[in-house]
There are 2 protein chains.
Amino acid sequence: MSSVAKNSAAASAAAAGPAEKPAAKRVRRTADEARRLILDAAEARLAKQGPEGLRLQDIARDVGISHPAILHHFESREGLVRALIARANTQLRDRLLGALGSDHPSQDAADHIGHVFEALSDRGTARLLSWLLLTGRATEQSDAHNVMSEIVDVLQARREEYSKEKGKPAPDKEDTLFVAMLTANAAFGEAIVGRQLAEATGLDQDGIKRFRTWFAKLLNDHLEDKR
Amino acid sequence: MSSVAKNSAAASAAAAGPAEKPAAKRVRRTADEARRLILDAAEARLAKQGPEGLRLQDIARDVGISHPAILHHFESREGLVRALIARANTQLRDRLLGALGSDHPSQDAADHIGHVFEALSDRGTARLLSWLLLTGRATEQSDAHNVMSEIVDVLQARREEYSKEKGKPAPDKEDTLFVAMLTANAAFGEAIVGRQLAEATGLDQDGIKRFRTWFAKLLNDHLEDKR
DNA sequence: TTTAATATTGACAAGAATGTCAGTACAGAC
DNA sequence: GTCTGTACTGACATTCTTGTCAATATTAAA
């Protein structure tokens with residue numbers, strides 16, 4: 001990781017110094033690549049150390065560049081944060097809708113719930129989003145709005161299709177919304193307090209898995225009943 | 001509760017100068033009172049503006065004192081944060097265990113869940129605790145550990161008592177743990193993403209209430225089944 | 001009233017963080 | 001090879017924030 005630059009020698013060395021510093025060639029990336037690396041590093045720091053760990057100097061060191069380079073690509077620290085939000089939002093959206101998509105036509109709630117929890121755990125996405133929600137930065141972001149609505153729509157369509165097959169009455173849309181909402185709340189909650197609660201109650205990794213299965217079954221039973 | 005100071009007493013002016021600064025009488029509180037006011041202000045800022053809003057100068061201004069006064073009472077900013085954590089922890093514990101206590105011998109999950117959600121919403125307790133969990137400050141605090149265990153124990157005792165009355169088999173303890181865990185996760189999640197999700201799906205205040213009722217019923221059905 | 005304790009303050013110190021700027025070095029176009 | 005655009009850097013400026021300190025004011029005890 002420690003790709004130190006240290007290019008003080010410069011021209012002065014000329015042909016003199018034995019092997020001071022081979023004038024470490026300055027690395028030059030494409031703008032997109034640089035932005036990606038910076039966002040990755042910022043994300044990692046955020047996931048590990050929380051909001052206070054998001055300092056330009058630190059991120060720059062992680063990437064192996066100077067901190068003005070970050071300013072160059074994102075204008076300001078706020079710009080970086082906004083870019084972080086935007087990327088997390090679209091990534092989350094893609095994963096969630098992808099999981100519900102035609103590739104996995106599973107009717108089983110357990111699968112869906114597993115995907116939701118994993119998508120939010122991955123790379124600390126939930127922690128990142130939680131932080132920005134706590135700081136009140138998400139109000140401007142209307143992206144999040146659509147995601148939830150889209151998902152509820154997809155789920156509702158599934159349920160209606162399914163109940164038609166079975167010749168049962170169509171499920172209430174609000175019920176579907178509540179199922180999605182509970183799942184979202186629980187997943188976010190687990191991302192934040194999960195580890196603590198697990199430790200507090202002596203639940204190991206396997207126990208957490210059992211909890212998720214238990215939760216999925218709870219919802220499944222509910223869905224079957226309602227259908 | 002807005003015990004604003006603002007004591008521009010003119011007394012000192014006597015008959016002297018053209019009322020430069022009437023030497024605003026300095027307010028002196030007891031140490032406990034001062035600590036309480038400071039913690040209240042800090043809590044309010046944290047709930048409203050998130051972690052970044054926790055600056056000594058701002059808190060001091062809210063209380064109507066100078067920022068060194070805060071340092072005097074809490075040693076350092078970290079000391080203030082720790083005091084905040086400790087108070088939130090004990091308050092939460094008291095409210096939760098109080099709600100489950102003998103005063104309200106309700107067997108109805110709806111009541112309990114309502115209490116949990118309210119206790120965490122109140123004064124932004126969940127947001128406060130979430131923030132400190134995100135910043136990794138809670139690892140040292142073993143208080144939280146006990147709370148969850150205590151609650152699970154109380155709940156389990158209730159269920160066993162209840163099932164004995166009905167002559168049913170005793171419930172699995174892990175099931176009780178999972179119920180408590182889901183409730184905690186959901187409550188924390190709602191405290192953070194609840195507002196956003198509600199807006200995104202066009203759910204008004206009343207809708208949120210319906211959601212909680214729906215959730216309580218879901219758990220109630222489960223508990224009845226298991227019992 | 002005098003005294004002791006301490007809550008409180010203004011001024012200052014030290015450090016950290018973001019942001020600016022002029023210049024440098026690398027890549028592709030010509 | 002030369003030129004041009006721009007990713008990148010080091011040094012500096014600025015602002016903000018916590019923390020220190022000596023001094024002051026207020027309350028309660030003596």
Side-chain angles (χ1 to χ4, degrees), chain A residues 3-14 21-39 41-42 45-46 49-84 135, chain B residues 3 5-9 11-12 20-39 41-42 45-46 49 51-84 135:
Chain A
S3 62
V4 189
K6 220 50 205 154
N7 194 351
S8 56
S12 68
K21 286 281 177 178
K25 226 175 153 187
R26 186 191 282 186
V27 189
R28 185 194 176 102
R29 286 159 271 252
T30 67
D32 283 347
E33 177 75 358
R35 287 175 61 97
R36 200 181 57 81
L37 287 177
I38 294 168
L39 287 177
R45 281 228 166 236
L46 213 51
Q49 309 177 336
E52 337 253 82
L54 204 68
R55 283 180 290 255
L56 295 187
Q57 309 244 31
D58 294 341
I59 301 168
R61 200 179 317 118
D62 290 347
V63 181
I65 60 178
S66 66
H67 86 267
I70 300 180
L71 276 317
H72 170 70
H73 287 293
F74 294 96
E75 305 257 306
S76 66
R77 190 197 122 109
E78 259 305 298
L80 171 64
V81 172
R82 270 201 292 272
L84 216 49
T135 53
Chain B
S3 61
K6 215 61 200 134
N7 190 349
S8 49
S12 68
E20 253 287 330
K21 282 278 178 179
K25 210 171 171 203
R26 186 189 283 187
V27 188
R28 185 194 175 100
R29 286 159 271 251
T30 67
D32 283 346
E33 177 76 357
R35 287 175 61 97
R36 200 181 56 81
L37 287 177
I38 294 168
L39 286 177
R45 279 224 169 239
L46 212 51
Q49 308 177 336
E52 336 253 84
L54 205 67
R55 281 180 291 254
L56 296 186
Q57 309 243 31
D58 295 340
I59 300 168
R61 200 179 317 120
D62 290 347
V63 181
I65 61 178
S66 66
H67 87 268
I70 300 180
L71 276 317
H72 170 70
H73 287 292
F74 295 96
E75 303 256 306
S76 65
R77 190 197 120 111
E78 259 306 297
L80 172 63
V81 172
R82 271 200 292 271
L84 216 50
T135 54

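The chains referred to below are lettered A, B, ... by the order of the sequence lines, with proteins before strands, and numbering in each begins at 1.
At least one side-chain heavy atom of B:Phe74 sits less than 4.5 Å from a side-chain heavy atom of B:Arg35.
Using a 4.0 Å heavy-atom criterion, one finds that B:Ser76 contacts the sugar-phosphate atoms exclusively.
Residue A:Arg29 is the one, among A:Arg29 and B:His67, whose nearest nucleotide of DNA chain D lies closer to the 5' end (criterion: closest heavy atom). Heavy-atom nearest nucleotides on DNA chain C were determined for A:Pro68 and for A:Asp58, and the one closer to the 5' end corresponds to A:Asp58.
B:Arg55 places its CZ atom 4 Å from the P atom of D:dT17, with the value rounded to the nearest Å. One can place CD of B:Glu75 at 14 Å from C1' of D:dT18, the figure rounded to the nearest angstrom. Between the P atom of C:dT8 and the CD1 atom of B:Ile70 lies a distance of 11 Å, rounded to the nearest Å. In this structure, A:Ile65 atom CD1 and C:dA25 atom C1' are separated by 16 Å, rounded to whole Å. For the pair B:His73 NE2 and C:dA7 P, the interatomic distance rounds to 6 Å; values are reported in whole Å. In this structure, the CG atom of B:Leu56 is 12 Å from the P atom of D:dT20, given to the nearest Å. Here the P atom of nucleotide C:dA27 and the CD atom of A:Glu33 are 14 Å apart, to the nearest Å. Straight-line distance from the CG atom of B:Leu54 to the P atom of D:dC16: 18 Å, rounded to whole Å.
Nearest approach of B:Leu71 to B:Arg77, heavy atoms of both residues: CD1-N, 4.2 Å. Between B:Ala42 and B:Leu54, the closest heavy-atom pair is O-CD1, 3.7 Å. When all heavy atoms of A:Leu39 and A:Ala83 are compared, the pair lying nearest together is CD2-CB, 4.0 Å. The nearest pair of heavy atoms linking B:Ala34 to B:His73 is CB-NE2, 3.5 Å.
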When you compare the protein's N or O atoms with those of nucleotides 4-6 of chain C, which come within less than 3.5 Å of each other, and at what distance?
from  : atom 1 : to      : atom 2 : distance (Å)
C:dT6 : O2     : B:Arg28 : NH1    : 2.9
C:dT6 : O2     : B:Arg28 : NH2    : 2.9

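Taking 3.5 Å as the limit, the base of C:dT8 and the side chain of B:Arg26 contain a donor-acceptor pair of atoms between them.
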Side chains of residues 56-66 of chain B: which donor-acceptor partners sit under 3.5 Å, not counting sequence neighbours?
from    : atom 1 : to      : atom 2 : distance (Å)
B:Asp58 : OD1    : B:Arg61 : NH2    : 3.2
B:Asp58 : OD2    : B:Arg55 : NE     : 3.0
B:Asp58 : OD2    : B:Arg55 : NH2    : 3.4
B:Asp62 : OD1    : B:Arg45 : NH2    : 3.2
B:Asp62 : OD2    : B:Arg45 : NE     : 2.7

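Summarising the local packing, CD of A:Glu75 is surrounded by 12 or fewer heavy atoms from other residues, nucleotides or ligands at distances under 6.0 Å.
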